[in-house]
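This report concerns only the one structure given below.
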Protein chains: 2
Amino acid sequence: MSETDRTAPATLHDVAREAGVSLATASRSLNGSTRKVNESYRQRVLEAAARLNYSPNLSAQAVARGTTTTVALLVADIADPYFSSIASGVVAEADRERLIVTMAATERDPERELELVRQLRGQRPRVIILAGSRPTSDPTGGALADELTAYERAGGRVVLISRNELDFRTVLLDNRAGAEALARELTRIGYRRFAVVTAGEGLRTAADRLEGFRAGLAEGGGRLDETDILREAFTRDGGYAGTRRLIERGLGDIELVFAANDVMAVGALSAIRDAGLTPGRDLAVAGFDDIPTVRDVTPPLTTVRVPLEALGRRALRLALDGDAADAAAAGPDVDSAAGVVTTEVVLRESTPARG
Amino acid sequence: MSETDRTAPATLHDVAREAGVSLATASRSLNGSTRKVNESYRQRVLEAAARLNYSPNLSAQAVARGTTTTVALLVADIADPYFSSIASGVVAEADRERLIVTMAATERDPERELELVRQLRGQRPRVIILAGSRPTSDPTGGALADELTAYERAGGRVVLISRNELDFRTVLLDNRAGAEALARELTRIGYRRFAVVTAGEGLRTAADRLEGFRAGLAEGGGRLDETDILREAFTRDGGYAGTRRLIERGLGDIELVFAANDVMAVGALSAIRDAGLTPGRDLAVAGFDDIPTVRDVTPPLTTVRVPLEALGRRALRLALDGDAADAAAAGPDVDSAAGVVTTEVVLRESTPARG
DNA sequence: CTGTTAGCGCATTCAC
DNA sequence: GTGAATGCGCTAACAG
């Protein structure tokens with residue numbers, strides 16, 4: 001198609017002319033608030049719009065209205081199943097509200113994250129959602145917080161998912177209770193001696209899960225020594241490395257390794273197998289999150305189900321409804337009283353019942 | 001934060017006033033084209049902008065310039081690793097060009113897809129990328145094509161990934177050659193009798209892969225009977241169902257089942273296991289795509305690597321550079337001569353060498 | 001209820 | 001080189 005036969009999209013002005021009405025009437029008929037326009041006019045405008053294949057220019061609407069229909073979503077890595085599941089939920093909920101989602105990836109780089117937030121602000125999104133935790137120590141020296149605060153002062157809404165180092169609305173996950181329930185279940189089916197592979201200190205999510213796990217073990221009579229807590233990156237490779245270290249050091253009578261998230265657990269499975277052992281039989285494994293992958297690995301992974309899509313949906317609801325969301329948003333995955341997304345232990349074959 | 005202390009974002013006007021220059025000068029200093037502005041003024045404007053934490057209103061820029069910096073991406077399912085990998089590539093490339101990506105999910109519903117394209121048009125995106133194939137028979141009666149054509153006539157660019165039923169720019173994948181190479185390799189390592197689980201007819205991608213696989217078998221002396229081609233949905237469950245049917249019917253001397261994509265292959269693994277057989281030993285499995293998951297399943301899956309991220313990146317390049325992309329975009333994953341994204345056979349343990 | 005008009009924030013022509 | 005003025009497409013007072 002050559003440049004010359006380019007046909008500019010129909011404008012509202014075109015529609016008004018085609019329908020023989022004023023701009024204002026056309027606007028009111030198509031996008032207007034409470035319709036106060038004569039039905040016959042309305043019809044003519046609608047028909048004219050259809051004939052011209054009119055599509056309102058959202059940028060122009062945004063400028064005129066002083067507000068957009070955009071939601072900005074920042075994740076660490078779009079291809080990571082944890083984040084793509086959350087993104088899926090955000091997009092689904094946004095769609096219900098007829099909001100448009102723009103997405104960007106921080107690649108786990110705080111500088112980049114800051115840069116992206118700055119760029120995103122140009123869109124004047126109604127909401128900015130940040131998913132994924134980051135180190136406690138902020139190398140940008142609070143610049144991100146400043147940026148987000150300025151954004152909120154301008155009328156925007158910030159929501160954090162699974163990161164709490166900043167003082168904004170946050171989607172709460174009962175990491176502690178989930179891990180506690182998991183530990184209880186594992187002791188119930190016969191496990192006694194545990195190891196943990198988790199992230200380095202300073203990640204609240206990981207810390208909560210460890211704390212909950214400890215509490216559950218205390219109730220159930222399980223044992224976890226400090227020296228059996230291995231700290232590595234919060235990634236698949238981290239899980240692999242930690243588990244490998246554990247095995248090389250000698251398992252002793254450790255029966256099960258709890259990985260603080262599923263990607264670490266998947267790494268643990270590989271490390272076990274690469275060491276010539278059989279996961280589940282020689283060393284049981286449990287994870288946290290229930291990303292889709294873990295049903296397809298062998299053995300299928302015991303984990304704590306986190307409704308990731310619901311997390312994303314809830315993040316948007318929280319932004320839109322404000323604190324009212326705590327009461328309103330309910331739904332099966334949300335404990336409406338506490339306003340916390342609930343989790344559920346899922347026992348699978350990576351932790352067969354013991355003796 | 002109460003509504004009352006809301007502080008509107010600084011406007012260009014504010015910056016100009018703060019710097020003591022005119023609107024035009026401020027505009028030229030900050031976003032202007034070939035700078036024709038006195039360096040001292042320029043500095044003052046930049047400083048004023050920083051002081052006010054100015055962020056250009058992209059909507060206003062879009063209206064004034066008559067063009068946006070937006071790319072719209074439509075996928076079937078954001079949480080699907082195939083699509084999220086592609087999306088990751090699109091976002092990465094868009095970021096390099098300082099373009100913003102908006103994403104939506106069709107959920108494999110053609111009506112919904114059409115509706116989304118209509119909505120997306122309102123953004124006046126520079127590019128619309130559609131990923132994921134769809135049935136040949138178009139239930140919307142060509143309405144999607146009409147919509148996209150109108151969009152292109154208005155100056156937009158449409159790029160299709162892995163779907164060719166419409167007459168737009170398309171990211172080419174040598175599905176045929178990839179499957180052919182796979183079949184050749186499999187015969188080379190000793191396989192002779194094959195079955196295939198694939199999508200129903202009418203999906204070009206699936207058809208090409210089957211055709212290529214057949215050609216490769218012909219070269220290598222492998223055998224595939226028509227009755228051993230099972231057609232199901234192009235999903236994990238489809239792969240499961242097809243493989244299950246195959247097993248129930250009696251495997252005969254079939255040694256390997258080729259699934260037309262990896263999600264089907266993962267389903268095949270489960271079906272084999274659920275039938276009490278051992279994948280790899282009792283029945284080998286090969287897939288296509290090399291989604292991240294297949295390294296973590298057991299046994300790791302033999303497949304044809306498709307550089308999914310590169311696919312996404314290339315889609316955007318194709319939109320931006322036009323036909324020049326064929327020559328330009330090159331990169332390791334693109335055969336610059338043919339302008340086709342190249343694939344590569346990856347042998348893993350799901351297809352151990354035979355005899 | 002309808003049409004006229006004045007902006008929204010910005011880029012860009014046009015005079016100076 | 002700089003600034004004043006016009007317009008982008010649309011909404012929202014404001015009059016009629």
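So you know, we letter chains A, B, ... as the sequences are listed, proteins then strands, and number each from 1. Since this is a predicted model, take the numbers as computed values, not measurements.
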Does [X] make a side-chain N or O approach to OP1 or OP2 of [N] shorter than 4.0 Å?
| X | N | answer |
| --- | --- | --- |
| B:N57 | C:dC8 | no |
| B:Q61 | C:dC10 | no |
| A:N31 | D:dC10 | no |
| B:S27 | C:dA11 | yes |
| B:S59 | C:dC8 | no |

Starting the side chain at C-beta, find the nucleotide from [options] nearest to [X].
| X | options | value |
| --- | --- | --- |
| B:N38 | D:dT11, C:dG3, D:dT2 | D:dT2 |
| A:Y41 | C:dT12, C:dT2, D:dG9 | C:dT2 |
| B:A64 | D:dG1, C:dG9, D:dA4 | C:dG9 |
| B:A24 | D:dT11, C:dT12, C:dA11 | C:dT12 |

Nearest-nucleotide comparison on DNA chain D, the residue closer to the 5′ end among B:A26 and A:T11: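 With B:A26 and A:T11 compared, the 5'-side residue is B:A26.
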
Taking [atom1] from [X] and [atom2] from [N], how many angstroms apart are they, rounded to a whole number?
| X | N | atom1 | atom2 | answer |
| --- | --- | --- | --- | --- |
| A:R44 | C:dT2 | CZ | P | 10 Å |
| B:Q123 | D:dC10 | CD | P | 15 Å |
| B:Y54 | C:dG9 | OH | P | 10 Å |
| B:L23 | D:dA4 | CG | P | 9 Å |
| B:L58 | D:dC8 | CG | C1' | 16 Å |
| B:L12 | D:dC8 | CG | P | 19 Å |
| A:R17 | C:dT4 | CZ | C1' | 18 Å |
| A:R28 | C:dT5 | CZ | C1' | 12 Å |

If only atom types and distance count, is the side chain of B:R112 paired as donor or acceptor with the main-chain N or O of B:A105 below 3.5 Å?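 Present.
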
Quick check on side-chain hydrogen bond (donor to acceptor under 3.5 Å, both in side chains): which of B:T102, B:T68, B:T70 does B:Q123 satisfy it with?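 Checked B:T102, B:T68, B:T70 against B:Q123; only one passes side-chain hydrogen bond (donor to acceptor under 3.5 Å, both in side chains): B:T102.
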
Going by atom types alone, do A:E115 and A:Q119 pair a side-chain donor with an acceptor below 3.5 Å?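 Side chains of A:E115 and A:Q119: no pair found under 3.5 Å.
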
Check this for me: does the side-chain of B:R124 come within 3.5 Å of the base of D:dG9 through a donor and an acceptor?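 Per atom types, no contact qualifies.
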
Just do the side-chain hydrogen bond (donor to acceptor under 3.5 Å, both in side chains) check on B:S85 and B:S88 with the steps written out, would you? CA-CA 5 Å; B:S85 294; B:S88 185; over 6 Å; no

With a 4.0 Å cut-off on N to O distance, would you call [X] and [Y] a salt bridge?
| X | Y | result |
| --- | --- | --- |
| B:E97 | B:R317 | yes |
| B:E93 | B:R96 | yes |
| B:E39 | B:R42 | yes |

Bend angle of the helix from C:dC1-D:dG16 to C:dC16-D:dG1 from five-pair axes at both ends, rounded to 10°?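 Axis-to-axis angle, ends of the helix: 40°.
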
Does the side chain of A:L12 reach to within under 4.5 Å of the side chain of A:L23, using non-hydrogen atoms?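 Side chain of A:L12 against side chain of A:L23, heavy atoms only: contact under 4.5 Å found.
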
Students often get this wrong, so: under 4.0 angstrom with heavy atoms, is A:T25 touching a base, only sugar-phosphate, or nothing?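 Contact class for A:T25: sugar-phosphate only.
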
